[in-house]
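Presented below is the structure to which this report refers.
Starting from 1, each residue takes its place in the sequence as its number.
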Amino acid sequence: MPAANLMTKTGFLPSLVLLFLLAIFKATVSANSPSISTDQAALLALKSHITHDPYNLLATNWSTSTSVCNWIGVMCGSRHHRVTVLDLSSMDLTGTIPSQLGNLSFLASLNVRHNSFHGSLPVELTNLYRLKYLNFGSNSFSGEIPSWFGNFLQLQNLYLYGNNFTGVIPSTLGNLSKLEKLNLFYNDLKGQLPSEIFDNLSKLQVLDLDGNQISGRIPKSLFKCKELIFLSLYDNSLEGSIPIEIGNLTGLQILYLDHNNLKGEIPPVIGDLIFLEEINLSSNNLKGHLPSGIFDQLSNLQALNLEGNRISGTIPNSISRCKELTYLSFHNNSLEGSIPMEIGNLTMLESLLLGLNNLNGSIPSSIFNISSLQEIALGDNNLFGYLSSNMFDNIPRLLYLDLSGCQLSGRIPMNLFKYKELRTLYLNDNHLEGTLPFQITNLTSLKYFSIVGNNFSGEIPSVVGNMTSLKQFILSGNKLTGQIPSSLCNLSSLTALFLFKNSLDGTIPECIGNMSSALSQIELQWNNFRGKIPEKFPNSCMLQGLRIDNNHVEGTLPPSLGNCKYLKFLDVGNNYLNDTFPEWLGNLEQLQVLILRGNRFYGQVNSSGVTSSFAGLRVIDISHNYFSGYLPMNFFKNLHAIREGNEKKDKPEYITYPSADGLVYYAQDISFATKGLETEFQFLLTIWMAIDFSNNQFLGEIPKTLGELHSLVVLNLSHNCLTGSIPSSLGDLSELESLDLSSNELHGKIPTELNDLGFLEVLNLSHNHLEGSIPQGKQFDTFTNDSYIGNLGLCGLPLSKSCGNDEGTPARLYREDDDEINWKFSILMGYGCGLVLGLSMGYFVFTTGKPWWFIRNYERVRQRFAKR
């Protein structure tokens with residue numbers, strides 16, 4: 001028995017040892033395993049990386065004196081008591097993400113959206129293998145989207161929108177087979193969409209990639225994601241056609257493909273996606289007809305936007321089946337035919353935008369029975385109609401009305417003025433008549449009002465001063481008379497005042513100058529205004545464009561215009577201003593167009609003592625004045641915009657005036673005189689650069705520095721008293737299309753370097769003392785006798801006078817009386833120059849029409865621009 005007991009005790013010892021060893025191992029493992037203290041350390045590391053906590057949310061709440069699970073933004077699981085949710089969204093925090101955050105091994109949801117976190121994401125986050133929800137949206141994270149995001153195999157929602165991520169979308173995101181929502185919009189992602197990324201995303205419901213620079217075609221594999229209900233790829237650089245496989249997305253509700261470079265026709269299978277609620281394919285290059293039955297099954301459609309494409313054909317009658325439609329836009333396409341009467345059946349419609357098409361026929365009266373309508377835009381079609389007195393009886397919610405260019409006749413119905421919520425009223429370019437009724441002041445919410453190009457008459461009612469919400473007031477191109485009411489100066493929110501081409505008279509109210517703190521554009525040209533330009537333009541002047549040309553304004557240019565530091569366009573031409581050259585305008589760095597023509601300016605042109613010295617000027621016209629002295633060499637040297645030229649652009653650019661309210665105005669209806677003829681341009685290209693110093697009293701030689709203005713298109717120095725020879729440096733003006741040096745006292749030969757001017761369309765060297773042979777070949781073969789008439793020493797084609805064989809110089813027949821003849825001729829030319837200058841100051845020549853040579857000149861500018 002003792003032996004047996006001993007053996008029993010001996011066998012028991014190993015078990016005790018094993019249990020002891022197991023206990024030690026368990027304690028050791030527990031000591032080294034992650035715990036809530038690990039989570040606390042990770043969160044404290046994050047707190048230390050926060051550099052800005054304006055509400056002290058973490059500074060006061062994340063304290064070791066309280067449990068981590070009670071910290072703001074933190075939730076713990078009930079089973080393991082570990083951090084499972086971290087939500088710091090919208091706390092206005094600034095900082096970076098530390099690598100220790102990867103130690104939150106039980107984390108299932110991480111949300112730091114709407115803060116200012118920055119930097120790159122640490123690779124240690126790959127340890128968060130339990131993540132189902134990850135939201136880094138609306139921060140400032142940068143770098144590429146990490147490929148290791150593909151390791152989050154449990155992830156269902158991934159939000160990286162509104163950051164600075166660059167590079168391509170990693171194909172490893174295709175590993176996330178449980179992903180339901182992927183939002184990467186508003187980053188700087190480039191490259192093509194990897195076709196393989198969508199092969200395994202069968203549960204994807206939301207894909208939002210808009211506002212990036214993604215290029216290439218839409219991969220057909222995308223349409224394997226048959227659970228998609230929201231697809232947005234807008235504002236990228238996608239090209240090619242819309243794949244017909246889009247018909248596989250039978251549950252799709254939202255489709256945004258707008259603002260890309262998509263082309264081809266709209267696939268008819270879109271009409272089979274019966275759950276579609278919104279379709280936006282605007283601003284692409286889509287073309288073709290809309291199938292007649294494409295809308296038959298889209299009974300759930302609420303918004304359809306196809307504007308800014310090249311869609312042709314007619315508007316399908318089946319659109320009337322979309323009874324839920326609230327927004328419908330075919331704006332800016334090539335649609336033709338009439339507007340279907342059935343549109344009147346869309347009783348829930350709020351916005352109807354059909355402008356800028358080729359629609360014809362009368363405007364259906366049924367449109368104006370849709371009581372829910374808030375926006376109606378039918379302008380710029382071939383429609384016609386009559387504004388009847390009851391036309392606007394049934395649209396009480398009207399906010400926006402554009403019937404421009406609809407060939408409408410009649411008067412503005414009085415019932416239109418009962419809509420106090422109306423904000424925009426455009427009736428441009430119609431045949432409307434009558435006066436502006438004082439009831440217009442009932443439109444207390446009106447911001448944008450334009451009736452340009454009609455037959456309205458009478459005076460501007462003084463009560464318009466009560467319309468204090470007005471931002472845009474455009475009455476141009478009518479038959480309005482009387483004075484500008486002083487009450488207009490009550491419109492403190494006004495940004496654009498266009499009254500040009502009427503028969504308004506009186507003086508320009510002095511308070512107009514004070515309004516320039518808000519006004520960006522004032523256009524009063526082609527009226528009968530007299531008196532002086534307002535004297536006071538405040539330091540806060542916001543003017544970008546000021547036109548008072550073709551009136552009877554006198555006095556001087558007010559120096560306070562120098563306060564308008566944003567001024568781009570100043571035209572006071574064809575008035576009775578009597579002043580010296582306003583060199584102080586040279587301080588306006590934004591000034592691009594300066595027109596002083598046809599006034600009584602006098603003295604020398606200089607820019608001494610001026611800092612920027614007209615560096616941005618593209619067009620200057622000071623013709624038909626009394627300027628004298630030498631041509632200003634330093635002035636020409638400082639014309640950096642003309643000297644340096646334009647960068648190559650993909651599309652033509654025009655001189656514009658963007659206003660504070662988001663509208664963009666164009667420099668338009670600008671006249672240039674070349675070869676004594678006047679041509680008006682509807683819009684002014686930024687590459688159109690011109691200098692016109694003609695019909696003054698300038699003397700001396702033509703500065704060689706003019707040849708450094710390499711982007712100059714028009715140069716007119718005619719009808720002065722310039723002497724010396726034509727500088728050969730003018731041959732460096734590679735963009736020059738019109739050169740007029742006529743009616744001066746120039747002598748010497750025509751420089752052969754002018755033959756290098758490949759775009760020269762107009763050349764006038766007449767009535768000078770030039771001699772020798774006329775250069776032959778290239779552009780010179782296109783000029784006629786008129787280019788050289790009045791130069792007795794010239795010879796060679798196209799003149800009938802042939803040259804001798806002395807090295808190509810013209811044959812000069814010296815006789816005994818040559819000196820006497822030349823002496824008398826010089827006296828005669830000098831006298832003639834003075835006589836012409838004197839007479840030219842008494843009248844201005846305005847010849848309407850569009851001469852063939854100038855139209856071709858302008859078109860060549862556009863063609864050359866397009867080739868760049």
Side-chain angles (χ1 to χ4, degrees), residues 193 207 209-210 214 216-223 225-226 228-337 339-340 342-343 346 349 351-359:
L193 283 174
L207 178 62
L209 306 180
D210 49 71
I214 299 170
R217 294 174 174 266
I218 301 174
K220 295 180 180 180
S221 60
L222 169 61
F223 305 107
C225 306
K226 296 183 180 181
L228 271 174
I229 59 175
F230 184 102
L231 175 58
S232 178
L233 305 177
Y234 87 83
D235 195 15
N236 280 285
S237 300
L238 295 168
E239 55 191 23
S241 58
I242 301 173
I244 194 172
E245 287 80 1
I246 196 173
N248 295 337
L249 306 181
T250 54
L252 196 64
Q253 298 176 19
I254 307 295
L255 176 62
Y256 296 152
L257 301 179
D258 51 296
H259 291 84
N260 281 286
N261 300 313
L262 299 173
K263 59 183 181 180
E265 298 187 1
I266 297 175
V269 292
I270 287 182
D272 298 330
L273 306 179
I274 60 175
F275 294 106
L276 271 174
E277 296 177 2
E278 296 184 27
I279 301 175
N280 193 340
L281 307 179
S282 64
S283 299
N284 281 287
N285 293 309
L286 300 172
K287 61 180 182 180
H289 293 199
L290 293 173
S292 59
I294 192 170
F295 301 115
D296 281 342
Q297 301 183 66
L298 301 183
S299 59
N300 293 306
L301 197 62
Q302 298 174 24
L304 175 63
N305 189 350
L306 303 182
E307 70 180 47
N309 284 286
R310 294 185 292 157
I311 299 171
S312 55
T314 60
I315 300 174
N317 290 335
S318 60
I319 192 68
S320 63
R321 296 180 181 269
C322 305
K323 304 284 188 174
E324 302 293 318
L325 263 181
T326 61
Y327 185 96
L328 175 60
S329 178
F330 293 131
H331 179 78
N332 193 15
N333 278 281
S334 300
L335 293 168
E336 54 193 19
I339 300 174
E342 291 82 358
I343 281 185
L346 303 177
L349 199 61
S351 298
L352 177 62
L353 312 176
L354 306 180
L356 281 171
N357 280 283
N358 299 315
L359 299 171

Quick one: does Asn309's side chain have a donor or acceptor within less than 3.5 Å of a partner on Leu281's backbone?
yes
Please answer whether the main-chain N or O of Ile294 pairs with a side-chain N or O of Asp296 as donor and acceptor at a distance below 3.5 Å.
no
Under 3.5 Å, is there a donor-acceptor pair between the side chain of Asn280 and the main chain of Asp258?
no
Nearest-0.5 Å distance, OG of residue Ser334 to NE2 of residue His289
10.0 Å
So does Gln302 get a backbone contact from the side chain of Thr326, meaning a donor-acceptor N/O pair under 3.5 Å?
yes
Within the structure provided, determine whether Ile311 and Leu290 are in side-chain contact (heavy-atom separation under 4.5 Å).
yes
Quick one: does Leu233's side chain get under 4.5 Å of Ile214's, heavy atoms only?
no
Could you check whether any side-chain heavy atom of Leu228 comes within less than 4.5 Å of a side-chain heavy atom of Leu222, counting everything from C-beta outward?
yes
Any donor-acceptor pair under 3.5 Å from Asn236 side chain to Tyr234 backbone:
yes
Taking all atoms of both residues into account, what is the closest heavy-atom pair of Leu298 and Ile279, and its distance?
CD1-CD1, 4.3 Å
On a heavy-atom basis, which atom in Asn357 and which in Leu335 lie closest, and how many Å separate them?
OD1-N, 3.0 Å
For Thr250 and Leu273, work out which heavy atoms get closest and say how close.
CA-CD2, 4.1 Å
Here the gap from Glu324 atom CD to Ser299 atom OG, rounded to the nearest 0.5 Å, amounts to 7.5 Å
Nearest-0.5 Å distance, CG of residue Asn317 to OG of residue Ser292:
9.0 Å
Using every non-hydrogen atom in the two residues, find where Pro267 and Ile242 come nearest and quote the distance to one decimal.
CG-O, 3.4 Å
Could you give me the CA-CA distance, side-chain angles and deciding distance for Leu304 and Phe330, then say whether side-chain contact (heavy atoms from CB on, under 4.5 Å) is met?
CA-CA 8 Å; Leu304 175 63; Phe330 293 131; 4.0 Å; yes
Verdict with supporting geometry, Leu193 and Leu209, side-chain contact (heavy atoms from CB on, under 4.5 Å):
CA-CA 10 Å; Leu193 283 174; Leu209 306 180; 3.4 Å; yes
Return the CG to CD1 distance between Leu252 and Ile229, rounded to the nearest 0.5 Å.
8.5 Å
Measure across Lys226 and Leu249 and return the closest heavy-atom pair with its distance rounded to 0.1 Å.
CA-CD2, 4.2 Å
Is the side chain of Asn285 donor-acceptor paired with the backbone N or O of Lys287 at a distance under 3.5 Å, no angle test?
no
Side chain Asn300, main chain Leu276, donor-acceptor under 3.5 Å:
no
Could you report the tightest heavy-atom contact between Glu307 and Tyr327, atom names first, then the distance?
OE1-OH, 4.1 Å
Determine, stepwise, if the pair Leu238 / Leu257 fulfils side-chain contact (heavy atoms from CB on, under 4.5 Å).
CA-CA 9 Å; Leu238 295 168; Leu257 301 179; 5.7 Å; no
Find the distance between OG (Ser282) and CG (Leu306) and round it off to the nearest 0.5 Å.
8.0 Å
Find the distance between CD (Glu239) and CD1 (Ile218) and round it off to the nearest 0.5 Å.
10.5 Å
Could you walk me through whether Ile319 and Leu325 satisfy the side-chain contact (heavy atoms from CB on, under 4.5 Å) test, starting with their C-alpha distance in whole Å, then the side-chain angles of each, then the deciding distance to 0.1 Å, before giving a yes or no?
CA-CA 9 Å; Ile319 192 68; Leu325 263 181; 3.8 Å; yes
